[in-house]
Every structure is written in structure tokens, then in C-alpha cells.
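The block underneath contains the structure these notes are about, expressed in C-alpha cells.
For the single chain, residues carry numbers from 1 onward in sequence order. Computed from a prediction, not measured in an experiment: that's the story for all the values here. Every heavy atom of this structure was used, including side-chain atoms; hydrogens, water molecules and symmetry mates were not.
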Amino acid sequence: MWGRFRKAGGRVADVLRTEQKAGEGRRPHNLFEAAATYVTACADDDQARADEAAGWVSPEALSFGVNELACRAVIALARERGEPPESVARDLLGLPAA
């Protein structure tokens with residue numbers, strides 16, 4: 001059981017690692033860079049750039065990064081508007097007020 005836990009922890013550490021690995025010329029992208037690039041590429045309708053960013057990290061890491069970006073964006077916009085985050089999220093998605 002502990003071996004599986006260590007293996008999973010190692011994968012998480014690899015995803016979050018931003019330092020350069022031995023033998024690589026460039027620093028690898030982290031999940032937040034991938035998420036930011038992916039979301040902005042989608043907003044700009046740049047499928048090639050979105051596909052490139054999606055290849056930088058695992059699908060699970062990209063999903064986590066996009067979710068974190070969405071949460072932070074909704075919170076920032078809610079503070080700016082002086083509205084609750086739920087209202088802002090529903091407005092952004094075109095949903096009726098709750």
C-alpha cells in the first residue's frame with residue numbers, strides 16, 4: 001500500500017515541479033502556465049495553441065489548473081463588481097439569477 005502511495009505522490013510532485021530536469025535545455029511548463037495558456041488560446045479561438053498547452057501537462061493536471069483559474073477569476077470579478085461569486089458565475093454562464 002505504501003509503495004502505491006509513494007508512486008502517486010511522485011507523480012503529483014512531477015506535475016508540480018518547475019525546475020529543470022537533468023539533460024533538458026528548457027524549463028518545463030507547470031500546470032498553471034498550461035492552464036493560463038490553454039484558456040487564453042480557447043478565448044482567442046487558437047486551437048493549435050490550445051492543443052500545444054494541453055500537451056504540456058497531464059489531462060488531470062490541466063483540468064485542475066483550469067478549475068483553479070476559473071475559481072480565482074470568478075472571485076476577482078466578484079470583488080471588482082461587489083457581487084457574490086455565485087451571481088458572477090451564473091451571469092458569466094448566462095444562467096438566470098438563483
Side-chain angles (χ1 to χ4, degrees):
M1 180 174 131
W2 288 109
R4 290 170 58 191
F5 182 74
R6 269 181 275 175
K7 187 176 180 181
R11 287 185 191 141
V12 170
D14 286 343
V15 167
L16 297 175
R17 186 171 287 125
T18 59
E19 72 269 4
Q20 191 170 326
K21 292 182 181 178
E24 291 184 2
R26 300 182 331 180
R27 179 181 63 82
H29 300 281
N30 70 29
L31 67 101
F32 297 115
E33 289 173 320
T37 301
Y38 180 82
V39 168
T40 56
C42 289
D44 292 337
D45 200 26
D46 184 351
Q47 188 61 46
R49 185 77 171 142
D51 291 342
E52 178 187 353
W56 293 347
V57 295
S58 71
E60 296 83 9
L62 183 61
S63 178
F64 174 81
V66 169
N67 183 62
E68 185 65 23
L69 177 60
C71 290
R72 291 179 187 196
V74 167
I75 290 169
L77 193 54
R79 287 180 183 156
E80 185 178 295
R81 291 181 179 183
E83 298 176 11
E86 183 179 5
S87 296
V88 172
R90 295 182 70 81
D91 182 48
L92 290 171
L93 292 171
L95 299 172

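- Residue V39 is tested with D44, L69, L62 for a side chain to side chain contact (heavy atoms under 4.5 Å, CB included); the sole match is L69.
- Residues V74 and V88 approach most closely at O-CG1, 4.2 Å, considering heavy atoms.
- A97 and R90 get closest at one heavy-atom pair: C-NE, 4.0 Å.
- Put simply, the side chain of T40 gets close to the backbone of T37: a donor and an acceptor are under 3.5 Å apart.
- Atom CD of Q47 is separated from atom SG of C42 by 6.5 Å, given to the nearest 0.5 angstrom.
- The two residues A50 and A41 have their closest heavy-atom pair at N-CB, 3.5 Å.
- In this structure, the separation between CZ on R81 and CG on D91 is 5.0 Å, given to the nearest 0.5 Å.
- Summarising the local packing, CZ of R79 is surrounded by 12 or fewer heavy atoms from other residues, nucleotides or ligands at distances under 6.0 Å.
- Separating the CD atom in E80 from the CD1 atom in I75 is a distance of 14.0 Å, to the nearest 0.5 Å.
- Rounding to the nearest 0.5 angstrom, the gap separating the CG atom in N30 from the CH2 atom in W56 is 10.0 Å.
- The distance from atom CG of L95 to atom OG of S87, rounded to the nearest 0.5 Å, is 11.5 Å.
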